[in-house]
Structure formats: C-alpha cells, structure tokens
Amino acid sequence: MKVKSYINGLGLALTVLASSAYADEATLSQIQTRWAEVNYTLQGDAQEDAFEALLNEAKAWTDAEPNNAEAFIWRGIVQSTFAGAKGGLGALGLAKDARKSLEYALKLDASALQGSAYGSLGTLYYKVPGWPLGFGDDEKAEELLLKALEINPDGIDPNYFYADYLYEEGKYTRAQQFAQRALAAAPRPQRPLADAQRRIEVEALLAKIGKKVG
C-alpha cells in the first residue's frame, strides 16, 4: 500500500508540474505575441495604453510566480519598450523599473530565455542617458551585451543589439559583421511577427552602416 501510495503521489506531483510548465509556456507565448503586436503595429496613445495593459499582465505573472526568471525578463522587456514609446523624462522611471526587473531575472537564472536578460539590460545601459539624468553606461552595456552573445551567439536579438551598440560607438566595420550575423539567424517559428520586424530593423541598420563604411 505504501508503494502504491507513493507512486500515485509521484504521478500527481508530475502531473501538477507538467500543468504548471504548460501554463508558463502559454503565458510566455501570449505576452511575447502581444508585445510584438503592441510594439510593431500600434502608435501614439493607442500604443501607450496597450503597453500599460500588457505591463499589468506581466506584473500579474511575476506576482503569481516570484521565482520565475522568464516572467521577470518579460516584465523588464515590456517596461523598457514602454519607456521607449513614452519618451521624455516620464520614461526614466520605467527604464529604472526595467533595470530592476532584468537584474532580478539574472539573479534567478542568468541563462533563462537564452540569456535575454543580459541583452535587454545591456541595451538599456546604452540607450538611457548617463549621469546625472540616468544610469546609462557604455562600458557596462558592452559587458552585458557580450554576455548575451556568449549564451546565444547565433540569435537575431543579441547580434542586432550588439551591432546597434557598435554603430552608436562609431565602430562601423564590427557593427556590420554582427548585423550580418543577425540577418543570418535562424527564424523563430513561435515569433513570426517579432522576427519579421527585427529583420527590417537589421536591414535599416545595415543601410546606415553602409553609408559610413562605403
């Protein structure tokens, strides 16, 4: 009886774990998909309103699963892109919140989502103004972006982020190399809109680089 009870209990535990993993995957997919729609297909007040609603969803996910690195990565991504859409001084608070979310995700699991927290945090560090207005730091940005590339060397996002950083630093030849690697990245079947729009961004970056390197 004890053996049977143990097996039944183990089966129930595995079923609960599987259900939880499926729920996490569904939430991740939902937020990723909606983020791409909001970020790439909306503008102005409609985009800001949609980002605010999506941020509430991301916060609900982290509240429900405070030890889930993926949840905090996406909370940080939503906060940072919302900041970009908002612009001005009002965006700085969101950027600081994004930094906290991404730093917490790194503490939970630095390798989650193929190191996405490193790439997103690195991008924040070179996009946000430096002291005294913000926390921007180009050296810190490069350190983080390179860590993202160590974990996911062939990914479209880490290669694009680093290429964009190098372009801003005036290192056009290296920027071109990483942008080309981004363009050659394998597609992500679960994220078609994000991939398509990112490739447009990569191509626009390559066009800018082309004007610099001849």
Side-chain angles (χ1 to χ4, degrees), residues 17-128 134-136 141 144-145 147-148 151-152 155-158 160-161 188-198 201:
L17 284 172
S19 299
S20 177
Y22 178 79
D24 284 351
E25 190 174 321
T27 303
L28 174 63
S29 178
Q30 176 183 332
I31 289 181
Q32 285 178 331
T33 299
R34 183 56 181 157
W35 174 84
E37 293 169 351
V38 174
N39 194 48
Y40 293 119
T41 69
L42 299 179
Q43 294 180 344
D45 290 342
Q47 186 182 56
E48 288 191 33
D49 290 345
F51 265 132
E52 188 163 358
L54 186 58
L55 180 54
N56 287 334
E57 288 184 41
K59 285 179 177 177
W61 190 16
T62 56
D63 287 346
E65 300 184 51
N67 296 313
N68 188 330
E70 294 183 357
F72 278 94
I73 287 171
W74 271 97
R75 177 170 169 166
I77 290 172
V78 173
Q79 287 166 324
S80 62
T81 46
F82 188 6
K86 199 175 187 66
L89 292 176
L92 190 55
L94 281 166
K96 289 179 178 178
D97 289 343
R99 179 177 61 171
K100 290 178 183 177
S101 296
L102 294 166
E103 286 176 341
Y104 189 65
L106 288 174
K107 289 180 181 178
L108 292 172
D109 182 0
S111 65
L113 298 178
Q114 296 183 294
S116 292
Y118 282 123
S120 296
L121 189 56
T123 301
L124 266 181
Y125 269 100
Y126 81 86
K127 293 290 189 183
V128 169
F135 57 85
L144 292 163
L145 293 169
K147 284 182 178 179
I151 296 172
N152 187 17
I156 188 169
D157 285 342
Y160 168 70
F161 292 152
R188 298 171 292 186
Q190 74 280 16
R191 302 188 63 194
L193 177 58
D195 268 2
Q197 293 298 322
R198 184 68 82 205
E201 291 173 334

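Model, not experiment: these values are computed from the prediction. All values below come from the heavy atoms of this structure, side chains included, with hydrogens, waters and symmetry mates left out.
Sorted by first and then second residue, the pairs that involve residues 42-51 and meet salt bridge (Lys or Arg N to Asp or Glu O under 4.0 Å), not counting sequence neighbours, are E48-K86.
Using bins of under 30°, 30° to 60° and over 60° for the plane-to-plane angle, the ring pair F51/F82 lands in the parallel bin.
Residues K107 and F72 fail the side-chain proximity criterion, which asks for heavy atoms closer than 4.5 Å. Within the 4.5 Å cutoff, the side chain of I73 has heavy atoms near those of the I77 side chain. Inter-residue side-chain proximity for E37 and L42 is flagged as unmet; no heavy-atom pair is nearer than 4.5 Å. Residues N68 and L108 are not in side-chain contact: their nearest non-hydrogen atoms beyond the backbone lie 4.5 Å or more apart. The side-chain heavy atoms of L55 and L94, taken from C-beta on, include a pair separated by under 4.5 Å.
Side-chain atoms of T62 come within 3.5 Å of backbone atoms of K59 as a donor-acceptor pair (strictly under, hydrogens ignored). S116 contributes no side-chain N or O that, together with a main-chain N or O of A112, makes up a donor-acceptor pair within less than 3.5 Å.
When all heavy atoms of F161 and G119 are compared, the closest pair comes out as CD1-O, 3.9 Å. Shortest non-hydrogen contact noted between L124 and S80 is CD2-CB, 3.9 Å. Taking both residues in full, the closest heavy atoms of G76 and A98 are given as O-CB, 3.5 Å, listed atom of the first, atom of the second, then distance. Contact record, G134 with V128: CA-CG1, 4.1 Å, taken as the closest heavy-atom pair. Here the closest non-hydrogen pair linking L106 and A117 is CD2-CB, 3.6 Å. Across all their heavy atoms, Y125 and R99 have their closest contact at OH-CD, 3.5 Å.
Residues satisfying the side chain to side chain donor-acceptor pair (under 3.5 Å) test with D157, not counting sequence neighbours, are R188, R198. The side chain to side chain donor-acceptor pair (under 3.5 Å) test applied to S120 returns no partner, not counting sequence neighbours.
When only modelled atom types and interatomic distance are considered, W61 and E57 share no side-chain donor-acceptor pair under 3.5 Å.
One finds the CG atom of D109 at 8.0 Å from the CD atom of E70 (value rounded to the nearest 0.5 Å). Taken to the nearest 0.5 Å, the CG atom of N152 stands 11.5 Å off from the OG atom of S111. Between the CG atom of N39 and the CD atom of Q197 there is a distance of 8.5 Å, given to the nearest 0.5 Å.
W35 and W74 have their aromatic ring centers within a separation under 6.0 angstrom.
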Begin with the C-alpha distance, continue with both residues' side-chain angles, and end with the deciding distance and a verdict on side chain to side chain contact (heavy atoms under 4.5 Å, CB included) for L193 and T41.
-> CA-CA 10 Å; L193 177 58; T41 69; 4.3 Å; yes
